[in-house]
Structure formats: C-alpha cells, structure tokens
Participant: 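Starting off with a structure, shown below.
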Protein chains: 2
Amino acid sequence: MNRRLMRTYLIDLIKLGGGERLIRAPTTFLAIVFGVSQQTASRIINELCSNEYVYKTMKNGNLWVRVTEKGLAEVEEYIKYINDAYKHPGKVILMGYVTKGLGEGAYYISKRRYQIQFKDILGFYPYPGTLNIRLKDPYYISQNRFLRSLPGYRIKGFRTRDRYFGGAKVFKATIQGKVYGGVVYADRSIYGFDIVEVVAEQYLREHLGLKDGDEITIEVSINQ
Amino acid sequence: MNRRLMRTYLIDLIKLGGGERLIRAPTTFLAIVFGVSQQTASRIINELCSNEYVYKTMKNGNLWVRVTEKGLAEVEEYIKYINDAYKHPGKVILMGYVTKGLGEGAYYISKRRYQIQFKDILGFYPYPGTLNIRLKDPYYISQNRFLRSLPGYRIKGFRTRDRYFGGAKVFKATIQGKVYGGVVYADRSIYGFDIVEVVAEQYLREHLGLKDGDEITIEVSINQ
DNA sequence: ATTACTAAAAAACGAGTAA
DNA sequence: TTTACTCGTTTTTTAGTAA
C-alpha cells in the first residue's frame with residue numbers, strides 16, 4: 001500500500017485510541033471508520049502490521065490493534081511536514097554549522113563558463129568559493145535530501161581542451177535572513193546529504209563574520 | 001481519486017507555496033514532488049482541479065497552480081482532525097446547549113425492555129427521560145455525524161401487543177466531565193445531526209442544575 | 001460472531017506519443 | 001520544451017464465502 005495512505009489510516013487508528021493502548025477493532029468496525037469494505041479493512045490492518053506500524057492480536061475471535069512506536073513516529077514525521085508546509089511554504093529551511101570544505105569550490109566557481117550561468121540564474125557573479133555547511137541533525141538532512149531531489153535551476157557542464165567540468169543545479173537562497181545567494185549541488189558531488197554548499201556575491205565568512213562551527217540558517221526557495 | 005490521497009497532494013502543493021500564490025508547477029516537477037510519473041502528476045492536478053481544490057492555468061506552455069479556498073478548507077479540516085486525534089483519542093467531544101425535546105424520551109426510556117438493555121450496556125437503569133442538546137456549531141455537527149456512523153452498542157427493538165418499539169444504538173459518555181451516562185441514537189430518530197439525546201441514572205437537569213440554553217460538554221467514547 | 005481467502009471487477013499507473 | 005491522450009499492465013477493491 002501507498003505510504004501516503006498508510007499514514008491516513010494510522011491517524012484514524014490513533015483517533016480510535018489505538019496510539020496509546022490496545023483497542024478492540026473488528027474489521028467491520030474499522031471498515032466504517034476507514035470508509036472501505038470489511039475485506040479491505042482487514043487487508044489494511046494486515047499491511048500496516050507487516051510494515052510494523054501496527055501490532056495486532058486476536059482475543060476470542062476479535063481483532064485488537066495498537067499503533068507501534070514505528071507507526072507513531074511515521075505519523076509524527078508527517079505532522080512535522082504539515083506544520084512545515086504551513087510555516088515555510090515554498091521554502092526549505094536548513095540549519096547547520098560552518099565547516100571547512102576541500103577548497104575545490106573556489107577553483108570551480110571561478111570558471112567563467114560557470115560564472116555566466118550563475119549570473120543568469122541568481123543575478124550576480126558569485127564570489128569564487130563556497131561556504132560549506134554541515135547540517136545540524138537528521139531532520140535537516142532529510143530536508144536536504146528532499147531539496148536535492150528537486151530539479152532546481154540547471155547549471156550546464158562544459159568541456160575545455162583538458163577536461164570536462166560537470167553540471168550542477170542551484171536553488172535561490174537567503175543566508176542568515178540577510179544575504180541573497182544560492183545553494184549548489186554538483187552533479188558529481190563529493191559530499192553526502194549532510195553537507196550543503198552555498199554561494200553568494202560576497203565572501204560570506206568575512207561579510208557575516210563567520211568562523212568554523214558557527215551556527216547558520218539558510219532559507220532555500222523551492223520554486224523555479 | 002480517493003479523498004484521503006487528494007488531501008496529501010494538496011498539502012504537498014501548500015508546501016510548494018501554492019496555498020498563498022500561483023506557482024509554476026510543470027508536471028515533470030510535480031511528478032518528483034508527488035513521487036509519481038509525469039502522467040500521473042498531470043492527472044492528479046486535473047482531478048484536484050475538477051474538484052475545485054486547485055486552480056490551474058497555462059502560461060506560455062507552463063502549468064501554474066494555486067490551491068483554492070475550498071482546497072485550503074479541506075486541508076484545514078484534516079489538520080483539525082489530526083489535532084483532535086492526538087488530543088482526544090478514543091473520544092468524540094460534543095458541545096452544545098441544553099434544549100427542550102418533544103418529551104417523548106421519557107415514555108420510551110421508561111419501557112422495561114429498553115431499561116434492561118441500558119442496564120446491560122451502561123450498568124444502570126436510566127432516569128426515564130433524555131436530556132436534549134443542540135450542538136454548538138458545524139464542527140460539532142460533523143463530529144456527531146461521524147459518531148452516529150459508528151455501530152456503538154446495539155439496543156434491540158421489540159414488539160408489544162399494540163405496536164413496535166424501534167431499535168437504537170448507544171455510546172458511553174461523560175456529561176460535563178462529571179456524570180457517567182450515554183448518548184442514544186434511535187434508529188428512526190426524529191432529530192437531525194444537530195441534536196443529541198443523553199441518558200443518565202440521574203435526572204440531569206436537576207443533578208447538574210441545568211436549564212434551557214446552558215452550555216454543556218459531552219465526552220463520548222468511540223470504542224466498544 | 002469473527003477474519004481473510006479467492007476471483008472478478010474497478011481503479012490507478014506509466015510508457016509511448018501526439019499536439 | 002510543455003501537457004495530456006490512449007492503451008496495456010499493475011494494483012486495489014469488493015462480493016462471495018470458507019473457516
């Protein structure tokens with residue numbers, strides 16, 4: 001079953017009290033609550049069960065169910081997402097700590113063929129260097145994973161006499177609520193989902209007085 | 001498409017910023033966000049659109065969408081439901097005002113064949129009469145509609161020499177957080193979804209000092 | 001009473017593709 | 001590039017029913 005649907009059924013079970021204790025839940029009863037047939041209700045519970053979202057047991061011919069910790073976590077994550085959708089529509093908020101990169105950023109960003117494209121997309125020629133941020137916790141890492149799955153604006157790769165310079169995608173962003181810039185994901189990035197690279201017109205470390213380990217917030221625009 | 005699913009896609013659109021303004025949303029992009037194919041994303045938007053949850057328009061070959069007021073209301077109702085699921089698991093809260101019924105309640109409740117069944121289910125012989133409550137607003141009416149759709153405990157009808165006394169269903173309830181009782185729905189109820197009938201061992205008007213128009217809260221247990 | 005299997009019907013999906 | 005149609009395939013659903 002669809003994960004989207006599973007969540008909604010879990011919420012229904014929580015409404016019935018199944019988030020805090022074992023509840024008697026005959027499939028005929030669940031059918032009414034879920035708005036499906038008895039057979040489908042039976043199958044839903046079994047699928048939730050095989051995903052370990054729900055614990056079920058039979059007591060003298062009756063089904064009793066309880067949402068597991070995993071199921072509750074699944075719903076809570078979804079509630080977080082909904083809250084975030086209302087709090088930060090059109091944006092992904094990333095928080096982390098300033099960290100040293102491998103220093104390659106400067107070399108790449110300075111390439112004229114990249115500079116022109118950044119100017120087209122972001123409206124400025126970026127400072128030759130990237131600010132690397134190590135994300136704070138798994139929540140922001142998952143947010144980053146979501147962001148990175150989106151297309152963003154395309155930066156095309158190019159070929160010189162010597163070698164090939166790979167493509168990238170970039171998202172418009174605001175750093176510390178003050179500076180306009182971009183978040184860049186190189187197609188062949190050496191970083192995992194815990195690191196993001198930020199570009200801006202200014203040298204951010206100086207402009208914002210940042211040093212390694214300083215906490216930093218980036219508000220990234222989802223839309224194109 | 002399933003209403004459950006529609007809501008989740010609406011939330012995704014709100015996350016993208018489509019709850020507050022028209023956003024550019026090519027179906028290829030939505031496909032990534034929704035986790036479906038481009039064709040399915042296209043179909044989802046068209047279905048949301050034909051349900052008037054979403055307004056869509058084409059600007060030079062690109063799809064732009066915005067969640068409508070109806071769509072936002074749909075999601076907000078769902079968020080209310082989720083909050084309620086966490087706040088009042090296993091219960092439906094009904095609020096309303098004490099109101100005069102048609103006085104028939106006393107006649108029915110006093111019938112011995114009903115009394116015995118109430119005793120079996122609720123544990124007491126109810127006072128011969130029902131307290132009628134006019135629900136406060138559409139929210140509680142919809143809660144009542146949900147409750148009434150559930151099976152509850154069955155009260156069987158019976159036949160006397162003269163006539164047939166119809167069946168009913170009853171839910172365990174707490175009135176004003178103090179008195180234990182039940183909410184009764186006669187199968188052939190003369191009331192709509194804006195009225196509920198409450199029974200208890202005591203004469204509630206006297207016991208709780210209630211008069212017509214007084215606000216009253218009932219906490220109804222969903223489970224069986 | 002229950003739950004849940006089977007089989008047939010209905011709905012949803014995505015590849016290919018037209019416009 | 002887009003969107004969205006057709007159509008074959010897969011998935012989901014429910015009626016009937018056994019246990």
Side-chain angles (χ1 to χ4, degrees), chain A residues 1-9 12-13 16 18 22-51 54-66 120-121 150-156 167 169 223-224, chain B residues 1-10 12-13 16 18 22-51 53-66 120-121 150-156 167 169 223-224:
Chain A
M1 187 186 4
N2 200 316
R3 200 165 152 189
R4 286 172 186 271
L5 275 178
M6 284 208 216
R7 284 173 188 150
T8 72
Y9 292 124
D12 287 347
L13 291 176
L16 295 179
L22 208 56
I23 53 166
R24 193 173 96 83
T27 50
T28 42
F29 171 67
L30 290 178
I32 294 164
V33 176
F34 292 164
V36 297
S37 68
Q38 175 271 323
Q39 294 85 342
T40 299
S42 169
R43 196 171 33 74
I44 287 167
I45 289 296
N46 286 326
E47 276 183 64
L48 289 174
C49 202
S50 63
N51 278 280
V54 156
Y55 165 74
K56 73 163 190 171
T57 185
M58 298 288 285
K59 286 187 193 176
N60 37 15
N62 277 269
L63 187 62
W64 290 68
V65 299
R66 166 162 200 168
D120 271 358
I121 295 162
L150 302 179
Y153 293 94
R154 191 74 209 145
I155 301 250
K156 284 186 200 120
K169 60 188 171 189
N223 293 116
Q224 317 188 271
Chain B
M1 190 189 359
N2 200 314
R3 198 165 152 188
R4 286 170 186 272
L5 274 179
M6 284 208 214
R7 284 172 188 150
T8 72
Y9 292 125
L10 286 173
D12 287 347
L13 291 176
L16 295 178
L22 210 55
I23 53 166
R24 192 171 97 82
T27 49
T28 43
F29 171 67
L30 290 178
I32 293 165
V33 175
F34 292 164
V36 297
S37 69
Q38 175 272 322
Q39 293 86 342
T40 299
S42 171
R43 214 195 27 258
I44 288 168
I45 289 297
N46 286 327
E47 274 182 65
L48 290 173
C49 201
S50 63
N51 279 280
Y53 288 143
V54 156
Y55 165 74
K56 71 164 191 170
T57 185
M58 298 289 286
K59 285 188 193 174
N60 37 15
N62 277 269
L63 186 63
W64 289 68
V65 300
R66 165 161 199 166
D120 271 356
I121 296 161
L150 302 180
Y153 293 93
R154 192 73 210 145
I155 301 249
K156 285 186 199 120
K169 59 189 171 188
N223 293 116
Q224 318 186 265

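Lettering follows sequence order; numbering is per chain, from 1. Quantities reported herein were computed from a predicted structural model and do not represent experimental measurements.
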Participant: Assuming nearest nucleotide by heavy-atom distance, tell me which of B/Gln38 and B/Glu47 is located more 5' along DNA chain C.
Facilitator: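 Closest to the 5' end, via its nearest nucleotide, is B/Glu47.
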Participant: Rounding to an integer number of Å, can you tell me how far B/Tyr9 OH sits from C/dA12 P?
Facilitator: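 Going from B/Tyr9 (OH) to C/dA12 (P), I get 10 Å.
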Participant: Give the rounded distance in Å between these two atoms: CG of B/Asn2 and C1' of C/dA12.
Facilitator: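 Value for this atom pair: 11 Å.
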Participant: Is any side-chain heavy atom of B/Thr57 less than 4.5 Å from a side-chain heavy atom of B/Arg66?
Facilitator: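 No - every pair of side-chain heavy atoms lies 4.5 Å or more apart.
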Participant: Given D/dT14, D/dT3, C/dT2, which nucleotide is nearest the side-chain atoms of A/Pro26?
Facilitator: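 The answer is C/dT2.
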Participant: Given atom CH2 of A/Trp64 and atom C1' of C/dT3, what is their separation to the nearest angstrom?
Facilitator: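 Distance, rounded to whole Å: 16 Å.
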Participant: Kindly point out which of D/dC5, D/dT14, C/dT3 is positioned nearest to the side chain of B/Gln39?
Facilitator: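 Side chain of B/Gln39 sits closest to D/dC5.
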Participant: Is B/Ser42 near enough to D/dT3 that one of its side-chain N or O atoms lies under 4.0 angstrom from OP1 or OP2?
Facilitator: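 No.
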Participant: Among D/dA4, C/dC13, D/dT13, which nucleotide has an atom closest to any side-chain atom of A/Arg43?
Facilitator: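 The answer is D/dT13.
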Participant: Separation of B/Lys59 atom NZ from D/dT3 atom P, in whole Å?
Facilitator: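 In whole Å, D/dT3 P and B/Lys59 NZ are 14 Å from each other.
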Participant: Answer whether the closest heavy-atom distance between the side chains of A/Arg4 and B/Asp12 falls below 4.5 Å.
Facilitator: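 Yes - at least one pair of side-chain heavy atoms lies under 4.5 Å apart.
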Participant: Whole angstrom is fine here: how far is it from CZ in A/Arg4 over to P in D/dT11?
Facilitator: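 In whole Å, D/dT11 P and A/Arg4 CZ are 18 Å from each other.
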Participant: Of all the choices, D/dA4, D/dT3, C/dA4, which nucleotide is nearest to the side chain of A/Asn46 once you look at every atom?
Facilitator: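 Nearest to the side chain of A/Asn46 among the choices is C/dA4.
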Participant: Return no unless some side-chain N or O of A/Thr27 is found under 4.0 Å from OP1 or OP2 of C/dT3.
Facilitator: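 Checking C/dT3 against A/Thr27, a side-chain N or O does come within under 4.0 Å of OP1 or OP2.
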Participant: Which distance, rounded to the nearest 0.5 Å, do you find between the CZ of A/Phe29 and the CZ of A/Arg24?
Facilitator: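 That separation rounds to 8.5 Å.
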Participant: May I have the distance from A/Ile44 (atom CD1) to C/dA4 (atom P), rounded to whole angstrom?
Facilitator: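 Checked: the CD1 to P distance equals 13 Å.
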Participant: Tell me the interatomic distance from A/Leu48, atom CG, to C/dA4, atom C1', rounded to whole angstroms.
Facilitator: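 These atoms are roughly 16 Å apart.
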Participant: Taking side chain as C-beta onward, heavy atoms only, is B/Leu48 less than 4.5 Å from B/Leu13?
Facilitator: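 Yes. Closest side-chain heavy atoms under 4.5 Å.
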Participant: Within the 3.5 Å criterion, strictly below it, is a donor on B/Gln38 or B/Thr27 matched to an acceptor on the partner's side chain?
Facilitator: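 Indeed, the side chains of B/Gln38 and B/Thr27 share at least one donor-acceptor pair under 3.5 Å.
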Participant: For D/dA15, give its Watson-Crick or G-U wobble partner with both distances under 3.5 Å, or none.
Facilitator: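 C/dT6 - that is the nucleotide pairing with D/dA15, both distances being under 3.5 Å.
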Participant: For the side chain of A/Thr40, counting heavy atoms from C-beta on, which of C/dA4, D/dT14, C/dG14 is nearest?
Facilitator: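 So the side chain of A/Thr40 is nearest to D/dT14.
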Participant: Measure the distance from CG on A/Asn60 to C1' on C/dT3 and round it to the nearest whole Å.
Facilitator: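 After rounding, the gap between these two atoms is 14 Å.
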Participant: State whether A/Lys56 places a side-chain N or O below 4.0 Å from either non-bridging phosphate oxygen (OP1 or OP2) of C/dA4.
Facilitator: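 The answer is yes; a side-chain N or O of A/Lys56 sits under 4.0 Å from OP1 or OP2.
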